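Every number for a ligand or one of its atoms is a count from 1 in the order of the listing. Keep in mind it's a predicted model, so treat the numbers as computed, not measured.
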Amino acid sequence: MSAAAGFIIFRQTKDSAIEYLLLQTSYGQHHWTPPKGHLDGDESPLQAAERETKEEAGLDKNDLEYYDKFEEKITYEVNGKPKDVYYFLARVHNAEQKINLSDEHQNLSWSNLQGACDLVKHENTQSVLKKADDFINTNLKN
Ligand SMILES: Nc1ncnc2c1ncn2[C@@H]1O[C@H](COP(=O)(O)OP(=O)(O)OP(=O)(O)OP(=O)(O)OC[C@H]2O[C@@H](n3cnc4c(N)ncnc43)[C@H](O)[C@@H]2O)[C@@H](O)[C@H]1O
């Protein structure tokens, strides 16, 4: 079993729209994914999600507001082996926040829920995005 972790990152625009950050890989099939990556050593999922989000998007705790009541895990097969992926939720303080991509990604998108679901393609990741959207609409939107 391998394990990875990342953040569903969102921003709230001036007209109160909610948009999700997705990154497009520069390798493989160039799939779109929230910032995430494999757990190193004895890292917890949250520690790995924080490290990967810094490495892949240039965002750290100072840039983000975490919502610790949201945590989702999905499991799928990669190369015939199960992979657990843990997702946490955070909002960028500044909707104009600059995102600094690493070599692992070639593009980024800020998309509404429908656009984000269209990009990620996989139903289980779409389900995490929908749960995040429900959580935001229930608890946070102002
Ligand atoms: N093909 C490749 N060529 C060159 N270098 C490569 C490579 N694949 C990985 N790497 C290297 O691996 C590193 C990535 O490491 P990390 O950054 O640590 O890990 P990751 O985001 O979990 O990587 P990955 O893109 O493989 O995972 P995902 O589950 O999204 O995706 C893994 C697979 O699962 C599929 N997938 C994604 N989400 C899924 C879901 N929800 N359900 C089912 N399948 C899904 C994806 O389409 C993809 O096929 C990169 O630095 C890169 O160098």
Side-chain angles (χ1 to χ4, degrees), residues 1-13 15-141:
M1 171 74 75
S2 70
F7 271 99
I8 304 294
I9 305 275
F10 70 98
R11 70 181 182 184
Q12 189 165 16
T13 63
D15 55 359
S16 289
I18 300 295
E19 295 180 338
Y20 298 93
L21 176 65
L22 294 174
L23 311 179
Q24 184 182 33
T25 62
S26 49
Y27 54 83
Q29 297 175 328
H30 305 295
H31 63 287
W32 289 87
T33 168
K36 66 154 184 8
H38 286 94
L39 273 60
D40 280 350
D42 60 359
E43 271 183 333
S44 68
L46 181 58
Q47 287 169 332
E50 288 177 334
R51 177 182 49 73
E52 291 283 347
T53 300
K54 177 68 178 166
E55 289 173 7
E56 296 185 348
L59 301 173
D60 65 23
K61 274 186 175 168
N62 295 323
D63 306 308
L64 299 169
E65 183 174 2
Y66 293 1
Y67 298 100
D68 58 10
K69 289 199 168 57
F70 184 94
E71 181 179 341
E72 290 292 327
K73 183 180 86 167
I74 58 174
T75 303
Y76 50 91
E77 284 206 353
V78 178
N79 298 325
K81 291 184 189 151
K83 174 176 181 178
D84 284 340
V85 182
Y86 299 83
Y87 280 113
F88 303 93
L89 181 66
R91 164 162 50 182
V92 287
H93 291 306
N94 174 6
E96 306 299 320
Q97 176 73 47
K98 180 163 167 32
I99 305 299
N100 292 310
L101 295 182
S102 72
D103 291 346
E104 286 183 28
H105 296 100
Q106 63 183 27
N107 205 351
L108 68 88
S109 168
W110 286 104
S111 305
N112 65 15
L113 177 64
Q114 186 58 56
C117 287
D118 289 347
L119 286 176
V120 299
K121 308 256 189 302
H122 299 283
E123 269 181 31
N124 45 11
T125 310
Q126 291 171 343
S127 168
V128 175
L129 286 164
K130 286 173 187 161
K131 285 178 182 170
D133 205 67
D134 285 345
F135 183 94
I136 292 163
N137 284 320
T138 306
N139 297 290
L140 309 175
K141 215 166 165 188

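- Looking at atom 22 (O) of ligand 1, its nearest protein heavy atom turns out to be K83 NZ, 2.6 Å.
- Nearest protein heavy-atom contact of atom 1 (N) of ligand 1 is G28 CA, 3.5 Å.
- Those atoms of ligand 1 with a heavy atom of E52 less than 4.0 angstrom away are 17 (O), 18 (O).
- Salt-bridge annotation for R51 and E55: present, with a side-chain N of the basic residue lying under 4.0 Å from a carboxylate O of the acidic one.
- Neither the backbone nor the side chain of E77 has a heavy atom within less than 4.0 Å of ligand 1.
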Check the pair L119 / S109 against side-chain contact (heavy atoms from CB on, under 4.5 Å), numbers first and verdict last. CA-CA 9 Å; L119 286 176; S109 168; 3.6 Å; yes
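- Side-chain atoms of E123 and Y76 include no donor-acceptor pair closer than 3.5 Å.
- Remark: ligand 1 and T33 share no N or O pair separated by less than 3.5 Å (distance only, no angle test).
- Taking the six-membered ring for Trp, F88 and Y67 have ring centres at least 6.0 Å apart.
- Salt bridge status for R11 with E19: present, with a side-chain N to carboxylate O gap under 4.0 Å.
- The aromatic rings of F70 and F135 lie perpendicular to each other, with more than 60° between the two planes, well past the 30° mark.
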Would L129 and L113 count as a side-chain contact (heavy atoms from CB on, under 4.5 Å) if you check the C-alpha gap in whole Å, the side-chain angles of each, and the deciding distance to 0.1 Å? CA-CA 7 Å; L129 286 164; L113 177 64; 3.9 Å; yes
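- For the side chain to side chain donor-acceptor pair (under 3.5 Å) test with Q24, the passing option among H30, H105, Q106 is Q106; the others fail.
- Y27 OH, 3.4 Å is the protein heavy atom nearest to atom 24 (P) of ligand 1.
- Looking only at heavy atoms of the protein, atom 39 (C) of ligand 1 is closest to H122 CD2, 3.3 Å.
- At the top of the distance list for atom 31 (O) of ligand 1, counting protein heavy atoms only, stands H31 NE2, 3.3 Å.
- With ligand atoms numbered from 1 in the order given, ligand 1 contributes 17 (O) to contacts under 4.0 Å with heavy atoms of E56.
- For atom 34 (O) of ligand 1, the nearest protein heavy atom (residue, atom name, distance) is V78 CG2, 3.7 Å.
- The protein atom (non-hydrogen) at minimum distance from atom 41 (N) of ligand 1 is N124 OD1, 2.6 Å.
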Check step by step if side-chain contact (heavy atoms from CB on, under 4.5 Å) holds for K61 and Y66. CA-CA 8 Å; K61 274 186 175 168; Y66 293 1; 3.3 Å; yes
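- Nearest-residue assignment for atom 17 (O) of ligand 1 (options R51, E55, E123, E104; heavy-atom criterion): E104.
- In this structure, atom 49 (O) of ligand 1 lies nearest to the protein heavy atom Q29 OE1, 4.4 Å.
- Contacts of K36 with ligand 1, taken as heavy-atom pairs under 4.0 Å, involve both backbone and side chain.
- Ligand 1 lies out of reach of K121, whose nearest heavy atom is not under 4.0 Å from it.
- Counting heavy atoms under 4.0 Å from ligand 1, residue H38 touches it through both backbone and side chain.
- In this structure, Q97 contributes its side chain and V92 its backbone to no donor-acceptor pair below 3.5 Å.
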